[in-house]
Structure formats: structure tokens, C-alpha cells
Amino acid sequence: MALLAPGSAVPSALVALMVFRAPAWACLLCFTSYKERVRVCQIFAGIEGPELEKCEEAFTAAFKGLLDTEINYDERSHLHDAFTQMTHSLQEMATAQGSFKVAFPDAAEKMRKVIMQLKEVRACIPPCGLQEVARRFHCRGCYSTVCDLPLDCPVQDLTVTRGHQAKFSCTVNFQLPKEEITYSWKFAGGGVRTQDVSYFEDLPRARGNLARIRPVQPAHRGTFSCVILHDQLPLARLYFFLNVTGAPPRGETELQVSFREVLRWAPLEAEMIEPWRPSLGELLARPEALTLSNQCLLAAVAALASVSATLVVWMFFRWYFKGN
């Protein structure tokens, strides 16, 4: 198989790469240019002639083992640099009158080892979400893909007794980008359990990934939705169906009922949810809280507190006995 013809043949080859499932030199095509490949063979075999064609065929055949290679999307630049260094090494070998029949298989084997040392492709974590950390690059076609998972996560059911508080944690089990993450909360009232976005209204008071309602009332029964966005692009939509149980409080008088009836004109949904700032105990109770780094931090804080307490006691006794 000859190398690509110059000029407009390159885009045509890329189209053919997608349609006909790519030739055996897929990674070579993705990370080297036409000029680089031609230059290598011209140094090995001369400007033209049958030997040049043999060189081209040997070059493409040597990299057939990298056809189905998939790499971590973030490692593309590293692999590109490795291929660039490889072409320079091949040019040096060609200048030194080396044999391309030996050089090409050796270069392909070195590239295979380089690919094995790259960061592994992260597995997709079900059941939902646009997981950019798991994006992968395919040499067969020179394109990337993300996990084939829906944005909508399954509805989580939450049952709360009337008068108590409801807590919502808008978190996912895959890694989010570190910057430009925002959260948008919505509510579908009337006791409906749904994932249809047309039922939901905005909750402007709710901010961040934690929110709560207190005290919970029957009017709060329905579906709450939290959308996780990165630079205004949705990464996941979480749903919480809140079911309210329990009889009305004994102290609720007819006057209180009438007062609530008067206030029904106000949009309850816009005021019922508020940011939730969990206590230290609540944070430590979360499964993901006791990581190794957090444990080290807690140990350091405890040690500092112990040293501080010891120092205060020592200074007190020193002052006390000095005074006596």
C-alpha cells in the first residue's frame, strides 16, 4: 500500500478512514503527517523508483498492530510527541545507511511499548452522566468517544415525615472537572414522579450541590431535579422524588389553616428549598469523606489540638507556681 498522495488526497483519505474502517496503519496516520512519512522513505530508498514503493509498503505494514489501539484522550499530545521523535530517529537511521526492513518493525515495537506506558483509559461508571474523564481516542478512525450513557440518572426515592427536614445531595460517582461547575435545581409539584423536563420549574434559592427543605409539608411532595453543568454544558441530571408522610400536627388550629390559605397565592416552590451546609458529623458520615488525605488531615488537626492544649496547661502551671 503506497503512502498518501500529496495535497487534496489527505482529506479524502481521512474520509475513507471513517467509511472503510481505516487501513492497518491507523495510529501512524493519526500522529504523523504525509510529508514526514514520505521524507523518511525518500531518505531510505531515494526520490523515486521501485525501492521507494517497497519502503512505503513496509512502513505501513510495520504498524498494522496498532490498528485497534485506544488511548486515554488526554494522552494524545504525549503520543504525538512520541511519533514525532520516532520519525526523527528513522531519518537519522536512513542517513546512516540503515535498512528500513529492520528500522520500521523496531520503531513499531517501540511505539507499542510507549502506548502501553500511557495512562489507561478510564472505565465508564454507570448508570448516567457525560463522563469526560473516560473519553478515549481511537486510532481506527482518528476520533474520540465518551461513555454511551444517558444524562438522566434514575429517580431516587426519599420519604420524610411531615415537619421534619429533607436533604438532597447532588453528587455523582464519577469525577467532575475541577473548575466551572454549577448546579441548577428544579421542582415538579403535585406529587408527580417524573423525569419530563416540561413539568419542572426553577428553584432560584437552591445553590450548590447540597440543598434541604425544612419543615417538610405535603405541598413539597413531588420530584426535585438537580442539573450538574460544566461551563453551561450539562453533565448529569439527578432526580429525587420526595414523599411526605404523617398526619398534621395537633397544634394546627383553624386560624393557621386559614392563614395558609391566604398565602397560597405565593409560589411555594420558589421559597421552600434552601442551601444546606452540612455539619462536621454529617460530612464525616458520608462514604466518600474518609479518604486517605482526609484522614491525614484529621490526624494533623488532632495532633495540633493536643499540642496546643498541652502548651496551655504547661504555661498555666508555670505561671501558677511562679506566682506562689
Please examine the side chains of [Y] and [X], heavy atoms only from C-beta on, and report whether any two atoms are closer than 4.5 Å.
{"X": "Ser99", "Y": "Phe44", "answer": "no"}
{"X": "Pro127", "Y": "Pro154", "answer": "yes"}
{"X": "Lys119", "Y": "Asn72", "answer": "yes"}
{"X": "Met111", "Y": "Met86", "answer": "yes"}
{"X": "Arg135", "Y": "Thr145", "answer": "no"}
{"X": "Ser144", "Y": "His138", "answer": "no"}
{"X": "Val38", "Y": "Gln42", "answer": "yes"}
{"X": "Gln131", "Y": "Val146", "answer": "no"}

Please find the pair of heavy atoms, one from [X] and one from [Y], that lie closest to each other, and give the distance.
{"X": "Cys147", "Y": "Ala134", "answer": "SG-CB, 3.5 Å"}
{"X": "Val244", "Y": "Gln217", "answer": "CG2-O, 3.5 Å"}
{"X": "Leu90", "Y": "Ala107", "answer": "CD2-CB, 4.1 Å"}
{"X": "Val40", "Y": "Ala94", "answer": "O-CB, 4.3 Å"}
{"X": "Leu149", "Y": "Cys124", "answer": "CD1-CB, 4.4 Å"}

Drop me the distance from [X]'s [atom1] to [Y]'s [atom2], to the nearest 0.5 angstrom.
{"X": "Arg136", "Y": "Thr69", "atom1": "CZ", "atom2": "OG1", "result": "13.0 Å"}
{"X": "Gln156", "Y": "Cys226", "atom1": "CD", "atom2": "SG", "result": "10.5 Å"}
{"X": "Glu57", "Y": "Cys41", "atom1": "CD", "atom2": "SG", "result": "10.0 Å"}
{"X": "Cys153", "Y": "Leu238", "atom1": "SG", "atom2": "CG", "result": "4.0 Å"}
{"X": "Asp231", "Y": "Leu229", "atom1": "CG", "atom2": "CG", "result": "9.5 Å"}
{"X": "Ile228", "Y": "Leu235", "atom1": "CD1", "atom2": "CG", "result": "7.0 Å"}

Students often mix this up, so state it plainly: with edges at 30° and 60°, are the rings of [X] and [Y] parallel, tilted or perpendicular?
{"X": "Phe59", "Y": "Phe104", "result": "parallel"}
{"X": "Phe240", "Y": "Trp185", "result": "parallel"}
{"X": "Phe83", "Y": "Phe63", "result": "tilted"}

Would a hydrophobic clustering, with Ile, Leu, Val, Met, Phe, Trp and Tyr connected at side-chain separations under 4.5 Å, put [X] with [Y]?
{"X": "Leu203", "Y": "Val197", "answer": "no"}
{"X": "Leu151", "Y": "Phe200", "answer": "no"}
{"X": "Leu130", "Y": "Val227", "answer": "no"}
{"X": "Leu28", "Y": "Leu79", "answer": "yes"}
{"X": "Val121", "Y": "Phe174", "answer": "no"}

Q | Stacked cation flag Arg76 on Tyr73, 6.0 angstrom / 45 deg | A |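 Output yes; distance and angle both within limits.
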
Q: Dump the intermediate steps for side-chain contact (heavy atoms from CB on, under 4.5 Å) on Cys139 and Leu66, then the final yes or no.
A: CA-CA 8 Å; Cys139 276; Leu66 304 181; 5.7 Å; no

Any sub-3.5 Å donor-acceptor pair from [X]'s side-chain atoms to [Y]'s backbone N or O?
{"X": "Arg37", "Y": "Thr32", "result": "yes"}
{"X": "His78", "Y": "Glu75", "result": "no"}
{"X": "Thr223", "Y": "Thr194", "result": "yes"}
{"X": "Gln91", "Y": "Ile43", "result": "no"}
{"X": "Gln195", "Y": "Ser225", "result": "no"}
{"X": "Asp196", "Y": "Ser198", "result": "yes"}
{"X": "Thr161", "Y": "His164", "result": "no"}

Q: Give me the one residue out of Val155, Val192, Leu158 that meets side chain to side chain contact (heavy atoms under 4.5 Å, CB included) with Phe241.
A: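 Among the candidates, only Val155 passes.
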
Q. Around Gln85, counting heavy atoms of other residues, nucleotides and ligands shown, do more than 12 lie under 6.0 Å from its CD?
A.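 12 or below, so no.
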
**Q.** Steps toward side-chain contact (heavy atoms from CB on, under 4.5 Å) verdict (Arg221, Leu242)
**A.** CA-CA 5 Å; Arg221 186 172 183 273; Leu242 177 61; 5.9 Å; no

Q) Going by atom types alone, do His230 and Glu180 pair a side-chain donor with an acceptor below 3.5 Å? A)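 Judged by distance alone, the side chains do not pair up.
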
**Q.** Contacts of Arg39 that satisfy side chain to side chain donor-acceptor pair (under 3.5 Å) - sequence neighbours left out
**A.**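 Counting only residues at least two positions away or on another chain, Arg39 forms no side chain to side chain donor-acceptor pair (under 3.5 Å).
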
Q | Audit row: Thr245, Val160, side-chain contact (heavy atoms from CB on, under 4.5 Å) steps and yes/no | A | CA-CA 6 Å; Thr245 62; Val160 178; over 6 Å; no

Q) Would you say the ring centroid of Tyr183 lies under 6.0 angstrom from that of Phe168? A)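 Between Tyr183 and Phe168, the centre distance exceeds or equals 6.0 Å.
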
